[in-house]
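Only one structure is covered here, and it is reproduced in the block below.
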Amino acid sequence: MTWDLHGDDALRGAIAEAIGDVELPWRVLVVDVAHPEAAARSHEAKERGEAVLAIAHDDDGAADALEAGANVVVRWPASARTLRLSLLRAAEHARVPWLARLFEMVTDSVEITDSDTSLLDVNPAFERITGYSRDSAIGHTPASLFRTANQDETHYEGIGETIGRGDVWRGQFTARRQDGSLSFQAVAIAAAYDPERRVVGHIALKRDTTRDDLAWNALENAESRTRVVLERAAEAVLVHDIHGAIVDLNPAACRMLDVPRERLLEAPIHTLAVDRDPEAMRQLYEGLGADPLEDVEARWRCGDEGPIVDVALSLARTRISGTKLYITIARDVTLRREAERKLKSLNDELEKKVASRTRELRRALAQRGAVLDHLSDGIVSVDARGRMELWNPAFAMLLGGVPASRLGSPLQSIYPPLAEVIRECLAEERSVARELSLPDGRIAEAAATPIFVEELSASRLTLGAVMLVRDVTRAREVDRMKTDFIATVSHELRTPLTSVLGFAKLAQKNLRTRVAPALEGAEPRAASAFATVEKNLDIIAREGARLSELIDDVLDISKMEAGRMEWARERIDPVALVDEAIEVTSGLFSNGPVECARDVTPLSFVIEGDRQRLLQVVINLISNAAKFTERGVVTLGVAPHAEGVCFTVTDTGIGVPADQRDAIFEKFKQARDTLTDKPRGTGLGLPICRHIVEHHGGRIWIEDGPAGGSRFAFVIPASGRVGVDADTARELASHIGGALVEQRRAPAEILVVDDDEGVRELLRQTLEEAGHTVRAAPNGMEAVAMVRDRQPDLVILDVMMPGLSGYDVAAMLRADPRTKRLPIVILSVVSDRTRAESLGVDRYLSKPMQQDELLRTIDEVHEARADRTWVVMAYDEEEPS
């Protein structure tokens, strides 16, 4: 301690006695304020960083001392105790500047709290470590600022107990910074005391160890993960020093080498290889650079006398804790080497097969290319976007030439109608066929089929489509010629057939009405001859009718295929259609083992279409059922259906096998054994039925009957409501028919015009037998002359005649005012009702004619000339009148 005093010796002695042996850690200057140099001395001491104790003799002196910068002022006289305490206080003031500097410079966080642990002061390091500024922290407790869930109340109670005993608490804290992140801290906390040893606050020193903790944890985690990977690795891993001694290895290495871990540790790794010199292996390791060396092949022995395995080695150099070490990763490739040898053998064999298959494929492609190039039909292939990928010369020729430069061009740009077929094919993913016109007016059939590839997901990927284009111009012309030929042949067949059937029926009638009565009581030989003749005439009539049906079927199917079938359209009552069919076919069930039944559900709607054609379908199905049913019942039914009106014909006959049900709707196909069964028809009836039904927008099918046999069914779309029910219609028809019979007029004079002499003679005998007068003309010119000479009551015209046709004669008669109302009935093999109706022909009958139908038609037409007119009106009670 430094002190100086001038003046009163008693004062000096008192100060020396008070100081005694007290040791102060800091320098203190003691001055008497009464001394002239007291102020200067005090200033110098301050500059040296010393404390100043001033002795004042009065209040003015004390004030001067404080103004001069004294740290502590004592009034004299003072006791020794007062002097001693004043010296200690002055020494404390001398220490403060040094402590403040230390407080500023220390890199650890310093926190000073009061006795309630509220922060009084913090150093700059506190702000850097915690993120809190000094102003925002003062007044708060550290626990409120930094506490996390990692420290509970017990932790803080332990700190309090340690400090309360006067000890310094040291430990770890997890604190939360102002930005919310966590920091790890090494902390020392101690209590601060006043001179009376009372706790006046606490001082905490905290060091941020976050980076050290994270690095240590990362190191520990990395080492742990490395050990886990090493232990669980499937490949053998061995670590050895620069001398080759193994210092570590994993379980996989022990398993592969079949040696315990203890025996491998410290063993030289160079000696494991049986096909390499240990010195060469050592040099290989020493020559490793920074980059690892992979796939060094070697052969290791397993155990003392175990097998030798092929291994692939990956070599690397590393440092652990400053020590240079080598790592060897060994993979057992014995099986792989064996597989590679087998694979090479298989590859060699495969290459031979591929080469052979390639030659075959090239040969097949060459053959297919030749076929494609010489195919008369056009072929074009497009991708999924409709762009052309391939076409043959025939396709280019059909379109007038397609240059090779158009490869990849859209088919739409070549010929849009073909592109439309492809577009529909790709959109609906199905085959599509269309008939269209080519650019030069020729007719072609285009059939497109999508190209699919099956994927692993069982779905299909559309790659594109291929289309075949066939020129059918000649085929259509052939079809037309075929139809014309069939029509001509049908005419040539029907004309003599008309005479055969007609004269047979006339002979039957004369035989029964004139010959039979004359033979009553005749000798047995005459009666036997009569029966034979009658039977022969029945056979002629029956076979003639069958031949007529065959001609009709052939002509119908020909017209349908050529698209020249004529279709009428009218509203049809389904129930009335069924009743008419039953009436027409009633002869099939008269006095036989097969009955005909009716199963009709009342309907409130009608269908639209060609009545005669639909009636033809029903009659054909009934005839087939009767033909193939030996005994039982044939039931004709009609009922509502989800698609319209369903007609059914059910029999109890032999049935149709399931594998033949589709074939019977094809031309000339019948359900029978071709080696043992005799055909029972032409095989055209059902195809004609299907064509008629499909033309009306319906469908036809066959199924098993409920009591055995078969059930044929077809459905026609409904259209509108029924105006008059079937029973009412039949009642009206019966009434009108009876009235017309009652009003039948006298026999008429009829002019028969036909170029066939047999037909003319047949008509003459038939009509004269009915009481009519007949004149005949062999051609149209003679017929017109005969009408102008004397007008008959009715004219029966054939169509196909030399010179003027029947249509020409009808047109001339309708154009002449004198004969424009003359009734005309056409009787011909040519079926063109539309043209006949446009000429004003009254009726149109087909050859061979039914005599009853002919006579009934003549009566009706002849009656139509009468002044009396029959008007039939039918009202629906539900409709407004």
Side-chain angles (χ1 to χ4, degrees), residues 25-26 49 91-194 197-226 320-322:
W26 305 97
E92 290 291 330
H93 280 285
R95 186 173 58 177
V96 167
W98 300 98
L99 292 177
R101 184 61 176 165
L102 179 64
F103 189 69
E104 296 280 339
M105 295 177 59
V106 67
T107 59
D108 294 336
S109 172
V110 179
E111 302 171 7
I112 301 175
T113 67
D114 58 16
S115 57
D116 295 329
T117 69
S118 295
L119 287 170
L120 297 175
D121 201 2
V122 294
N123 69 339
F126 171 88
E127 299 182 3
R128 184 181 67 255
I129 293 173
T130 67
Y132 289 98
S133 66
R134 181 177 183 278
D135 293 338
S136 64
I138 298 300
H140 295 279
T141 65
S144 65
L145 292 176
F146 313 129
R147 179 178 295 182
T148 67
N150 296 335
Q151 289 88 221
D152 55 14
E153 294 299 331
T154 304
H155 183 74
Y156 289 100
E157 290 175 359
I159 295 175
E161 291 177 0
T162 301
I163 296 174
R165 294 194 302 267
D167 298 332
V168 176
W169 181 89
R170 291 181 175 85
Q172 297 289 328
F173 256 103
T174 301
R176 193 173 298 279
R177 299 185 181 95
Q178 187 181 26
D179 61 5
S181 62
L182 292 178
S183 66
F184 302 97
Q185 302 171 351
V187 182
I189 304 176
Y193 302 95
D194 63 6
R197 295 297 298 176
R198 291 176 298 186
V199 176
V200 296
H202 303 85
I203 298 175
L205 187 66
K206 299 181 179 180
R207 176 171 296 171
D208 189 355
T209 61
T210 302
R211 292 187 178 180
D212 296 340
D213 289 344
L214 292 178
W216 180 256
N217 291 336
L219 182 61
E220 289 184 336
N221 292 336
E223 183 178 357
S224 176
R225 287 194 297 270
T226 302
I320 299 178
S321 301

Would you say that Leu145 contacts Thr130 through its side chain, given a criterion of any heavy-atom pair below 4.5 Å between the two side chains?
no

Presence of salt bridge, Asp167 and Arg165, under 4.0 angstrom
yes

Rounded to the nearest 0.5 Å, the CD1 atom of Ile129 sits from the CZ atom of Phe146 at a distance of 10.0 Å

Can you tell me how far CZ of Arg207 sits from CD of Gln185, rounded to the nearest 0.5 angstrom?
12.0 Å

When every non-hydrogen atom of Arg176 is compared with those of Tyr132, the smallest separation belongs to O-CE1, 4.4 Å

Just by modelled atom types, is the Val110 backbone N or O under 3.5 Å from a matching donor or acceptor in the Asn123 side chain?
yes

Answer with yes or no whether the side chains of Asp179 and Ser181 bring together a donor and an acceptor at under 3.5 Å.
yes

Find the distance between CH2 (Trp169) and NE2 (His202) and round it off to the nearest 0.5 Å.
13.0 Å

What closest approach, in Å, do Ala190 and Val168 show between heavy atoms, and which atom pair accounts for it?
CB-CG2, 3.8 Å

Does any part of the side chain of Thr141, heavy atoms only, come nearer than 4.5 Å to the side chain of Ser118, both counted from C-beta?
yes

Is the closest side-chain heavy-atom distance between Ser109 and Val122 below 4.5 Å?
no

Note, Phe173 side chain near Ile159 side chain (heavy atom, < 4.5 Å):
yes

Rounded to the nearest 0.5 Å, how far apart are OG of Ser115 and CZ of Arg198?
11.0 Å

Given 3.5 Å as the limit, does a donor-acceptor pair link the side chain of Thr209 with the main chain of Phe184, or not?
yes

For the student: nearest non-hydrogen atoms of Ile138 and Leu120, plus distance
CD1-O, 3.2 Å

Any chance you could measure Leu205, atom CG, to Asp108, atom CG, to the nearest 0.5 Å?
4.5 Å

Do Ile189 and Lys206 have side chains that get closer than 4.5 Å, going by heavy atoms?
no

May I ask you to check whether over 12 heavy atoms, not counting those of Arg177, lie within 6.0 Å of atom CZ?
yes

Pro142 to Glu111 - nearest heavy-atom pair and separation:
CG-OE1, 3.6 Å

pair Arg128-Asp208: side-chain heavy atoms closer than 4.5 Å
no

Can you tell me how far the CG atom of Asp135 sits from the CD atom of Glu127, to the nearest 0.5 Å?
8.0 Å

